[in-house]
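All figures in this text were calculated on a predicted structure; none of them were measured in a lab. The figures here come from the full heavy-atom set of this structure, side chains too, leaving out hydrogens, waters and symmetry mates. Chain A is the first sequence line, chain B the second, and so forth, proteins listed ahead of strands; every chain is numbered from 1.
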Amino acid sequence: MDKKELPKTYQPKEVEDKIYKTWEESGFFNPDNLKVKKKAKKFVISMPPPNVTGELHIGHALALTIEDIMTRYHRLKGEITLWLPGVDHAAIATQNVVEKKLAKVGLNKENLGREKFLEKINEHIDTTRPIIESQIRKLGSSCDWSREAYTLDENLSQAVKTMFIKMYRDGLIYRGYRIVNWCPNCGSTLADDEVNYKEELGKFYYIKYNLEDAKPIVVATTRPETKIGDTGVAVHPNDKRYQDLIGKTFTVNLGKIKIQVKIFADKQVDPEFGTGAIGVTPAHSLIDWQWAQKYGLEMKKIIDEKGNMTSEAGPYAGLSVKLARERFVEDLKSFGLLEKVDDYEHNISLCYRCSSIIEPLPSRQWFVAVDKEFAIKNKELVKKYGQNKTTLKKIAKWAVEKNEIEIIPPRFKKNYLTWMDNLYDWCISRQVWFGHQIPVWHCQGCQTVAVSETTPATCPACGSRNLVQDTDTLDTWFSSALWTFSTLGWPIADAQNQKSKTCLANESRRVKNQKDEKEKKSDLERFHPTTVMETGYDILFFWVARMIIASYYALGEKPFETVYLHGLIRDIMGQKMSKSRPETSVNPISVVEKYGADALRLSLIIGTTAGADIKILPEKIAGYAKFINKLYNIGRFIQLQEFVSKQNKIEAKTLADRWLLSRFHNLIESVTKKFDSFQFSAAIEELYEFSWHELADWSVEISKIEKNYELLKNCYLNLLKLLHPFIPFVSETIWQSFEEKKMLIIENWPKAEEKLIDKNSEAQFEIIKNLITEIRNYRSQNKIDWKTTLTLKIHSPKQEKLISQQKEIIEKLAKVELQLSKEKLKSAKIKLKEIEMEI
RNA sequence: GGCCACUUAGCUCAGCUGGUUAGAGCGCUACACUCACAUUGUAGAGGCCGCUGGUUCAAGUCCAGCAGUGGCCACCA
């Protein structure tokens, strides 16, 4: 028997890459290669695709670890397990990174042109994507690489087009001219939830509007320069001060420029705030724009897409917003129109990508209508939902309200629902070059808009051949919204299913020897809806909500059964880790290099719960590396023993054996329950406790006395299965060093056997443990070293039998010579329940 | 302004549907290189479970109020 002796300590660096390679080559990451029972359940996770902007951070490591734990657990349980990996093109984010990179060598996208610039982006991705993929592997992620997806893959791009056109035809996508969030720096629109707010101490300007034939009206504002674009003044209908002005239109002289304002009343105005009169700027404020619609005000665009004043701003045209403000305020002052200036704390809106100040601007953009009705085509859904018509917003609310989709932790359910309530039409067009170009063609002859998958030969309206594709691209979240099903082959698989039930999504995914029904079904049919969506709570709205909307709309079914939200990783100061402060962040890959992936995984999981933020400390990681070494050494110890029999005969011969088996089967039951209820931290803590403080501290020590190594080995090997989801590398390494033929990754999850759970033996053994601990304590307190053997007299009529049976264990583990006394002891120095001891 | 969390040992955090002396890791103290492991072993110290009331036979756990911390949403110009 050429048993390879294991080195004294575990060396993750030596084995991890090799082990990963054997897993990957085994094909077991692919559900098609798993041998499963006929009625096996499925378990599917779509990996939240990391952005191809750069390398993975510690947050990705957390997500991948949780996902891998779930995946490995379900695979061990014998389920048809698929974890589908992928990466996201991350449109604007990636474009910004590449732009910054180019700026360093004096290049910009304008002088490169669209095509060249996109080439540069793809070059960038050619370097980042392999790094990301290798990092995912380094963490031990057991995902099915044969199904890896990229949001710009052909099929996924097709999915985007199909979805856009479907929604357009249903009237759910429309083009509109209205106020959008504009980032002058990115040169693009942003969705409402892509705007961040920051508190800032600013000024509150009181500007006097002189009205002919009436008292002047004073308007308060934080943005005086926008008053140049005012076309109205809003007051409260009951405000006595302004009663006689309501409904009238005045020309107001603002020093160097004149404006025309209509005075109107609306209940939304707070008469207590400021002067009770609001200057209304329809072109540069959403609420003002809404008023403009309601009261028929004109819209005057005075700020352009670069953040400069337009020609409408008269003498201020061409100035930046900031400069225009300074000049305008000076002018107002010199004309005596500035009544006063107060300090004022208010929120400014910033771009979530580049932190530039957002300018609300009127612009012609594409929107998704969230409140417009459409027909539900899926009969089952109609039955469940109770109606055959709905809106995107309603169906997405319904799904979560009725627990069609479960959110863990449940408190985020409320968050989700209020967000849905506040949802407005979603602006999906971006003036970004990198991404899915909008499948819309504009006729240069008659300006007709043609929506089509490919370039139309002629304009459907005028027959012109001069058609140009819309230069805008789609919000990156539009393609992410389709992720759970676009990665499984929609819409192609879907279309093929309609035609024939015998198609296969991909020839390369065929299983050689399993030509059964699963070959006839597409991935989409087999794996959608997915089982769990595991992601950070920070993208609940950006992503999770939109996947729910998209899936119900496109497929008439939920995208996933359960949403598991993990927390955000923070540094020691409790701050969000940021790329701008690299010294505060923990690089997952250097941790893997130093301590191994298993130690990193444990430190990310232990002591954390769903939705709670995590502070990561370097000492924590080092601590768990010790546990892994400990576990490894138990295995090493077992391998160094001479076995009486070569078969794994599991036989509980002694009390200690019965205790071990009972504790172990208890553990199986408890850990399984915890896995099933997403309590991963609790599960691994229990496993840790058992491994170290029951198995290693007691069973290993007792095996040196009682020599039942077979039982020890059996429990240990089964324990490795329970530990495998958390620490795949070390468990597989040890497993294979035991010359087991089957890989641990596809072993069977142990089953708890009721008959082996023996509370009586546990209680009895507990007495022995306590007895030994008490004696050791006595030793420690009296500074008696371990070389001295003590004589111990015990008087215990009730436990006498037990103690005499366990005499050898007590004597060896406590280093005593034991004498049982029938009589009461004169000076019992140690007392336990029903036991007196004298030394 | 609305909503949601959090506050437990020096530090980082567990404690699910209320039930015996409140747990873990790290750190700390003392002792021990006992042949799997010094990435070790043995033993130990350390907690008005934020504050104040209430419900209950019983509360870290449920309810109310207060204080502090953090987050999300809205964005009153």
Side-chain angles (χ1 to χ4, degrees), chain A residues 6 8-10 192-193 195 197 204 219-223 226-227 230 233-234 268-270 272-281 285-288 291 344 346-349 409 411-415 417-419 421-422 537-538 540-541 567-568 570 572 574 576 595 599 602-603 606-609 611-620 622-641 673-674 677-679 681-682 685-686 688-689 692-693 696-697 700-701 703-704 772-787 812-815:
Chain A
L6 296 165
K8 269 187 127 178
T9 53
Y10 177 59
D192 293 341
D193 48 8
V195 177
Y197 294 91
F204 205 34
V219 165
T221 179
T222 55
R223 295 200 58 187
T226 64
K227 298 302 103 185
D230 276 13
V233 171
Q268 273 188 71
V269 178
D270 177 2
E272 304 296 318
F273 188 85
T275 60
I278 307 169
V280 176
T281 325
S285 153
L286 184 64
I287 181 160
D288 292 7
W291 274 333
Y344 183 60
H346 69 132
N347 279 334
I348 51 166
S349 23
R411 61 188 149 91
F412 282 97
K413 190 173 154 179
K414 195 168 177 178
N415 257 9
L417 293 173
T418 36
W419 184 82
D421 281 334
N422 291 322
Y537 66 76
D538 53 331
L540 179 63
F541 308 137
L568 268 39
R570 300 183 176 276
I572 187 64
K576 206 167 162 175
Y595 299 105
L602 287 181
S603 64
I606 296 183
T608 68
T609 47
D613 288 353
I614 302 156
K615 275 184 209 164
I616 186 103
L617 305 169
E619 310 89 75
K620 194 175 171 185
Y624 292 121
K626 290 182 187 175
F627 169 68
I628 286 158
N629 188 57
K630 182 78 186 180
L631 189 74
Y632 166 86
N633 262 291
I634 303 170
R636 194 165 162 262
F637 168 78
I638 294 170
Q639 289 191 355
L640 292 172
Q641 305 313 315
K673 263 187 201 157
K674 283 172 174 149
S677 55
F678 297 91
Q679 294 176 269
S681 175
E685 281 176 70
E686 204 174 332
Y688 180 105
E689 174 69 20
W692 204 319
H693 300 302
D697 288 353
V700 168
E701 292 310 314
S703 77
K704 291 174 186 169
I772 294 166
T773 305
E774 275 307 313
I775 301 163
R776 284 168 174 175
N777 188 0
Y778 178 82
R779 259 179 194 288
S780 172
Q781 279 174 6
N782 293 284
K783 306 215 189 293
I784 302 162
D785 72 47
W786 274 90
K787 281 162 196 152
K812 293 212 166 132
L813 294 184
K815 196 123 198 242

So what stems show up for RNA chain B if we need 3 or more Watson-Crick or G-U pairs in a row, all under 3.5 Å?
B:1-7 with B:67-73, B:10-13 with B:23-26, B:28-32 with B:40-44, B:50-54 with B:62-66

Nearest-0.5 Å distance that lies between atom CD1 in A:Ile775 and atom OH in A:Tyr778
11.0 Å

For nucleotides 68-76 of chain B, give me one character per nucleotide, 5' to 3': B if any protein heavy atom sits under 4.0 Å from the base, S if the only such contacts are to the sugar-phosphate, - if neither.
----SSBBB

Between B:C51 and B:C57 - C1' atom distance, rounded Å:
26 Å

Give me the distance, rounded to whole Å, that separates B:G46 from B:A58 when you measure between the C1' atoms they each carry.
27 Å

With a 3.5 Å distance limit and no angle check, can you tell me whether A:Thr281 reaches the backbone of A:Lys227 through a side-chain donor-acceptor pair?
no

RNA chain B nearest-nucleotide lookup for A:Lys615 and A:Gly623: closer to the 5′ end is A:Lys615

Write down the protein N/O and nucleotide N/O pairs, taken from nucleotides 29-40 of chain B, whose separation is under 3.5 Å; answer none if there are no such pairs.
residue	atom	partner	partner atom	Å
B:A30	O2'	A:Lys783	NZ	3.1
B:A36	O3'	A:Arg636	NH1	3.2
B:A36	O2'	A:Asn633	OD1	2.4
B:A36	O2'	A:Arg636	NH1	2.6
B:A36	N7	A:Lys704	NZ	3.4
B:A36	N6	A:Glu701	OE2	3.0
B:A36	N3	A:Asn633	O	3.2
B:C37	OP1	A:Lys8	NZ	3.2
B:C37	O4'	A:Asn633	OD1	2.9
B:C37	O4'	A:Asn633	ND2	3.4
B:C37	O2'	A:Asn629	ND2	3.2
B:C37	O2	A:Lys630	NZ	3.2
B:C37	N3	A:Lys630	NZ	2.9
B:U39	O2'	A:Asn629	ND2	3.1
B:U40	O3'	A:Lys630	NZ	3.3

For atom CZ of A:Phe412 and atom C1' of B:C3, their distance in whole Å
12 Å

Spacing of the P atoms in B:C28 and B:G68 (rounded, Å):
36 Å

Between B:G10 and B:U56, how far apart are the two C1' atoms, rounded to whole Å?
36 Å

What does A:Thr222 touch in the nucleic acid at a heavy-atom separation under 4.0 angstrom: a base, only the sugar-phosphate, or nothing?
sugar-phosphate

Okay, side chain of A:Asn422, backbone of A:Thr418: is any donor-acceptor separation there less than 3.5 Å?
yes

Hey, are the side chains of A:Glu701 and A:Asp697 touching, using non-hydrogen atoms and a 4.5 Å cut-off?
no

Would you classify A:Ser677 as touching base, sugar-phosphate or nothing, given that sugar-phosphate means primed atoms plus P, OP1 and OP2, and contacts are heavy atoms under 4.0 Å?
nothing

Roughly how far apart, to the nearest Å, are B:G50 and B:C13 at atom P?
15 Å

Heavy-atom distance under 4.5 Å between the side chains of A:Lys704 and A:Lys812, does that happen here?
no

Using atom C1' in both nucleotides, what's the gap between B:C48 and B:G70 to the nearest angstrom?
26 Å

Hey, could you give me the CG/OG1 distance between A:Leu813 and A:Thr773, rounded to the nearest 0.5 Å?
9.5 Å

For B:C4 and A:Lys414 - does any side-chain N or O of the residue sit under 4.0 Å from the phosphate oxygens OP1/OP2?
yes

Could you state the CD1-P distance from A:Ile348 to B:A77, rounded to the nearest angstrom?
13 Å

Check whether any side-chain heavy atom of A:Leu540 sits under 4.5 Å from a side-chain heavy atom of A:Trp419, and report yes or no.
no

Starting at CG of A:Leu602 and ending at C1' of B:A24, how long is that distance when rounded to a whole Å?
14 Å

Please report the distance, rounded to the nearest Å, between CD in A:Glu686 and P in B:C16.
14 Å

Can you measure from CD (A:Gln641) to CD (A:Gln639) and round to the nearest 0.5 angstrom?
10.5 Å

Sole residue of A:Tyr595, A:Tyr632, A:Tyr688 in ring pair (Phe, Tyr, Trp, His ring centres under 6.0 Å) with A:Phe627:
A:Tyr688

Do A:Gln268 and A:Ile287 have side chains that approach each other closer than 4.5 Å (heavy atoms only, starting at C-beta)?
yes

Side-chain N or O of A:His346 versus OP1/OP2 of B:G1: is the shortest distance under 4.0 Å?
no

Between the main-chain N or O of A:Lys787 and the side-chain N or O of A:Asp785, is there a donor-acceptor pair closer than 3.5 Å?
yes

Counting only side-chain nitrogens and oxygens, does A:Arg776 get under 4.0 Å of the OP1 or OP2 atom of B:A43?
yes

Find the distance A:Lys413:NZ to B:C3:P and express it as a whole number of Å.
19 Å

What interatomic distance, in whole Å, is found between C1' of B:C4 and the corresponding atom of B:G25?
29 Å

Side chain proximity check, A:Lys8 to A:Arg636, heavy atoms < 4.5 angstrom:
yes

Please give the distance between the P atoms of B:G60 and B:U7 as a whole number of Å.
15 Å

Tell me the interatomic distance from A:Leu568, atom CG, to B:C13, atom P, rounded to whole angstroms.
14 Å

When you compare the side chain of A:Leu602 with that of A:Ile628, does any pair of heavy atoms fall below 4.5 Å?
yes

